[in-house]
2 protein chains.
Amino acid sequence: MLSQQKQPKALNIGRPRSPKIDRKVLAAAAKLVLSDGFGTLTMDAIAAEAGVGRMTLYRRWPNKAAIVMDAFVARVDPNTLFPSDGDYLETIRLQMRTMAKAFRGEDGVLIRALLGAAQLDPDLAAALRNRWTMPRRKMAAEYFREGMRQGYLRPDADPDALIDLLYAPIYYRLQMGTGPLSNAYVDAIFDHAMKGFRNDH
Amino acid sequence: MLSQQKQPKALNIGRPRSPKIDRKVLAAAAKLVLSDGFGTLTMDAIAAEAGVGRMTLYRRWPNKAAIVMDAFVARVDPNTLFPSDGDYLETIRLQMRTMAKAFRGEDGVLIRALLGAAQLDPDLAAALRNRWTMPRRKMAAEYFREGMRQGYLRPDADPDALIDLLYAPIYYRLQMGTGPLSNAYVDAIFDHAMKGFRNDH
DNA sequence: CAGTTGTGATACGGGATGTATCGTATCACA
DNA sequence: TGTGATACGATACATCCCGTATCACAACTG
């Protein structure tokens with residue numbers, strides 16, 4: 001699923017969609033969510049901020065959550081990857097810190113809004129899973145399987161369980177607000193979770 | 001915070017609030033959320049289902065999320081406690097299974113709705129933290145500290161980190177839908193997380 | 001009895017949604 | 001160059017829900 005957008009009516013006949021509108025709309029949506037929150041976001045405000053007709057929004061997206069979803073993915077797509085050099089286990093810790101840092105900032109505001117809206121909108125929930133959650137889980141699972149092959153992780157480890165143990169607590173704190181998403185917290189989760197997975201030879 | 005209700009104007013003068021209305025409203029709200037979802041829930045529908053005037057709802061609760069919050073707490077308050085007998089570590093596993101089972105059913109629908117709404121409503125987020133999350137965290141932390149004293153858990157364990165490692169994955173699956181909240185899943189999380197906390201003597 | 005508040009019904013204004021329509025703009029194709 | 005099809009911005013519209021206000025009546029205290 002490349003985006004939440006509706007398809008144009010036809011491909012090679014008629015006036016084509018203006019490509020600049022996407023950028024303007026997504027930037028406007030992100031700006032408004034970050035300044036005023038998702039709760040007060042309206043299609044009208046997005047259209048005004050982007051300098052675009054409101055009808056154009058409804059022509060391209062089914063609702064505001066879809067717009068924010070596209071805006072979010074456009075922002076964070078290149079981030080939170082696993083660096084390919086350095087110590088194997090420390091790379092995981094650093095990746096978790098990178099993610100926690102992103103969640104402490106503007107990305108955290110956006111993903112909280114999307115997670116909340118997804119609980120009431122099955123389409124958005126599927127989009128969040130397909131475009132955000134699953135790609136990252138696949139990358140992590142690949143990295144972990146490679147670590148199992150190379151002997152850094154126990155050969156009988158369950159990559160999915162490890163993903164959940166490492167990353168679910170970060171989402172949990174983001175949503176529950178039971179404490180700060182600090183490096184110290186990430187380290188505590190990492191260290192404890194890893195005790196069951198590290199291969200101690 | 002005993003409930004999300006607004007206080008009556010006065011205590012001993014004037015007509016007292018009808019006590020039956022609470023039950024009817026909370027039952028109606030729960031029924032509607034479970035049948036049609038939280039997204040389409042309206043104050044009007046709750047009032048109609050409960051056979052109550054809409055004004056009465058606004059007199060007692062600030063918004064529909066507060067009503068669902070009260071309905072949820074009224075349903076699940078007595079559940080998901082730690083049984084006091086049996087093997088210490090197995091008791092934790094069983095408690096996690098009980099919670100997962102509740103989340104697989106109607107309670108899961110309700111708490112998903114509340115978690116979603118809480119992302120847009122700071123008051124509701126605080127209520128969810130104070131009335132649901134924190135009481136359970138306190139109970140768990142107490143149980144874990146007792147286990148540290150009695151030698152079942154490592155004396156240098158961090159109860160908060162253990163809580164997050166054990167329970168955050170359950171919330172994660174509930175919301176993300178990355179897999180079933182089965183007993184097998186609970187066991188995988190429990191077994192892996194416990195490797196870093198169990199006292200192996 | 002008087003005073004005070006809860007209850008149900010109804011009306012109201014405000015705001016957001018999603019659709020429809022209009023004139024204009026931009027493209028492909030003949 | 002012109003024709004057909006679609007996108008764009010603007011506007012109007014019906015609909016829905018919210019939260020408040022108001023009313024007559026009910027229920028309680030003293």
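Keep in mind that what you see is a predicted model, and the values were worked out from it rather than measured. Convention: sequence-line order gives letters A, B, ...; per-chain numbering from 1. Below, each value reflects all heavy atoms present in this structure, side chains not excepted, and no hydrogens, waters or symmetry copies.
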*Can you tell which of D/dA12, D/dG19, D/dG9 lies closest to the side chain of B/Y58?*
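Nearest listed nucleotide: D/dG19.
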*Among C/dT4, D/dT6, D/dG9, which nucleotide sits nearest the side chain of A/I21?*
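Of the candidates, D/dG9 comes closest.
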*With side-chain contact (heavy atoms from CB on, under 4.5 Å) as the test, would you mind laying out the steps for A/D191 and A/R93 before giving the verdict?*
CA-CA 9 Å; A/D191 291 337; A/R93 185 205 302 272; 3.4 Å; yes
*asked:* Would the base of D/dA7 count as contacting A/R15 through its side chain, where contact means a donor and an acceptor less than 3.5 Å apart?
replied: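 Pair found.
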*Examine the base of C/dG6 for any acceptor or donor lying under 3.5 Å from a partner atom in the side chain of B/R60, and report the outcome as yes or no.*
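Such a pair does not exist between side chain and base.
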_B/F38 six-ring centre to B/K64 NZ/CZ under 6.0 Å and within 45° of normal_ =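 Cation-pi check for B/K64 and B/F38: passes.
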_Less than 6.0 angstrom separating the ring centers of B/Y167 and A/Y172, yes or no?_
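No, the ring of B/Y167 stays outside the 6.0 Å limit from the ring of A/Y172, centre to centre.
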*Can you find a pair of side-chain heavy atoms, one from A/Y171 and one from B/Y171, that are under 4.5 Å apart?*
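No; the side chains remain at least 4.5 Å from each other.
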*Any strand is fair game: report the nucleotide pairing with C/dC29 by Watson-Crick or G-U wobble, both distances under 3.5 Å, or none.*
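Check on C/dC29: paired to D/dG2, both distances under 3.5 Å.
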_Assigned partner base of C/dA2, Watson-Crick or wobble definition, under 3.5 Å_ =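 Base-paired to D/dT29.
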*asked:* Whether A/T42 contacts C/dA16 is assessed here as follows: a side-chain N or O lying under 4.0 Å from the phosphate OP1 or OP2. Is that the case?
replied: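 No, A/T42 has no side-chain N/O under 4.0 Å of OP1/OP2 on C/dA16.
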*Check whether any side-chain N or O of B/T56 sits under 4.0 Å from OP1 or OP2 of C/dG8, and answer yes or no.*
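Looking at the OP1 and OP2 atoms of C/dG8, one of them is under 4.0 Å from a side-chain N or O of B/T56.
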*With DNA chain D as reference, determine whether B/R59 or A/S18 sits nearer its 5' end, using the nearest nucleotide of each.*
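The residue closer to the strand's 5' end, by nearest nucleotide, is A/S18.
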*Taking for each residue the nucleotide of DNA chain D bearing the nearest heavy atom, is the 5' side occupied by A/I13 or by B/L41?*
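Counting from the 5' end, the first nearest nucleotide belongs to A/I13.
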_Whole angstroms only, please: what is the CG-C1' distance between B/N12 and D/dG30?_
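In whole Å, D/dG30 C1' lies 11 Å from B/N12 CG.
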*5'-most contact on DNA chain C: B/R17 or B/M55, nearest heavy atom basis?*
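Checking each residue's closest nucleotide, the 5'-ward one belongs to B/R17.
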